[in-house]
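What follows is one structure encoded as structure tokens, with my remarks underneath.
Reckoned from all heavy atoms, side chains included, excluding hydrogens, waters and symmetry mates.
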Amino acid sequence: MTTSLPPPRSAADQTLVDATITEIFQEMITFNRVLGLQILSVKPGDVRAQFAMRPELVGHYAYGRLHGGVISAVLDAMAGLALLVSIAERHPQEGPQQITQRFTRMGTIDLRVDFLRQGLGDHFTASAEVTRLGGRIGSTQMRLLDPSGTLVATGSAAYVVA
């Protein structure tokens, strides 16, 4: 007995799914707007965003460095984004509405952040990858880089995905 795989999305349908995912994370999640997240890529294996340093994100007034809570929030958001991209890839027959519905059932259940150095610079780039996507739980690894590409923080997280 052979199991046939669902047909992949057309290029036009994939563009629509990518645009929907980007809109959810960049516009519809209000806190991501507060953070200033600008999604750079929602391709499987290449999930990235960038945000500019602003006075509202400073954690230590004397040094002007990025607040640790901002770092944690950005890494958490990126992990959720990477999982949604992987879920969309796992279900190529589903359109934006079904993918959006799957997102409503996701939630962070564990988040670990390792702060490696001060967050200094005019902008930061965050990325995330899915290390495991099961039927109920997804696991991720995340990274935050300063403008020179130096690693500021790493994270790992687990999410309920169903």
Closest approach of [X] and [Y], non-hydrogen atoms and distance?
X      : Y      : value
Leu66  : Leu144 : CD2-CD2, 4.0 Å
Leu111 : Ser72  : CD2-O, 4.1 Å
Ala88  : Ile21  : CB-CD1, 4.1 Å
Tyr63  : Leu120 : O-CD2, 3.7 Å
His60  : Val58  : O-CG1, 3.4 Å
Thr140 : Ala79  : OG1-CB, 3.3 Å

Separation of [Y] [atom2] from [X] [atom1] (nearest 0.5 Å):
X     : Y      : atom1 : atom2 : result
Ile39 : Gln50  : CD1   : CD    : 11.0 Å
Leu83 : Arg102 : CG    : CZ    : 13.0 Å
His67 : Leu57  : NE2   : CG    : 10.0 Å
Ile71 : Arg65  : CD1   : CZ    : 9.5 Å
Leu81 : Leu37  : CG    : CG    : 9.0 Å
Glu89 : Leu84  : CD    : CG    : 12.0 Å

Next on the checklist: Once salt bridge (Lys or Arg N to Asp or Glu O under 4.0 Å) is applied, what residue pairs with a partner in residues 109-128 remain, sequence neighbours excluded?
Outcome noted: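 Non-adjacent pairs meeting salt bridge (Lys or Arg N to Asp or Glu O under 4.0 Å): Arg112-Asp114.
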Checklist entry - Checking side chain to side chain contact (heavy atoms under 4.5 Å, CB included) for the pair Gln26/Asn32: CA distance, chi angles, key distance, verdict? => result CA-CA 6 Å; Gln26 194 167 279; Asn32 289 352; over 6 Å; no
With a 4.5 Å cut-off on side-chain heavy atoms, are [Y] and [X] touching?
X      : Y      : result
Leu116 : Val152 : no
Ile24  : Ile29  : yes
Leu151 : Arg143 : yes
Phe51  : Gln38  : no
Val160 : Arg105 : no
Glu27  : Arg33  : yes
Leu40  : Asp46  : no
Glu23  : Met28  : yes

Next on the checklist: Please determine whether side chain to side chain contact (heavy atoms under 4.5 Å, CB included) holds for the pair Asp146 and Phe124, giving the CA-CA distance in whole Å, both sets of side-chain angles, and the decisive distance to 0.1 Å.
Outcome noted: CA-CA 5 Å; Asp146 70 12; Phe124 298 90; 4.1 Å; yes
Next on the checklist: If the threshold is 4.0 Å, N to carboxylate O, is there a salt bridge linking Glu94 and Arg9?
Outcome noted: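 Not counted as a salt bridge, because no side-chain N and carboxylate O are separated by less than 4.0 Å.
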Checklist entry - Should Val130 and Leu133 be marked as a side chain to side chain contact (heavy atoms under 4.5 Å, CB included) after you check the CA-CA gap, both sets of side-chain angles, and the distance that decides it? => result CA-CA 7 Å; Val130 174; Leu133 180 57; 4.0 Å; yes
Checklist entry - Near Glu56 CD, under 6.0 Å, is it more than 12 heavy atoms from other residues, nucleotides or ligands? => result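 Yes, CD of Glu56 has more than 12 neighbouring heavy atoms, counting only those of other groups under 6.0 Å.
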Checklist entry - Side chain of Thr131, backbone of Ser139: donor and acceptor closer than 3.5 Å? => result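 Yes; judged by distance alone, with no hydrogens or angles, the pair exists.
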Next on the checklist: Keeping Ser127 on the side-chain end and Val47 on the backbone end, is there a donor-acceptor pair under 3.5 Å?
Outcome noted: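 Not confirmed, Ser127 side chain does not pair with Val47 backbone.
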Checklist entry - Under a 4.5 Å side-chain heavy-atom rule over Ile, Leu, Val, Met, Phe, Trp and Tyr, are Met142 and Leu145 clustered together? => result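 No, Met142 and Leu145 fall in different hydrophobic clusters.
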Checklist entry - Which of these passes side-chain contact (heavy atoms from CB on, under 4.5 Å) with Val113: Leu75, Val74, Asp76? => result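 When Leu75, Val74, Asp76 are each tested with Val113, the side-chain contact (heavy atoms from CB on, under 4.5 Å) holds only for Leu75.
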Item to check | Distance flag, aromatic centroids of Phe31 and Phe25, threshold under 6.0 Å | outcome: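 No, the ring centres sit 6.0 Å or more apart.
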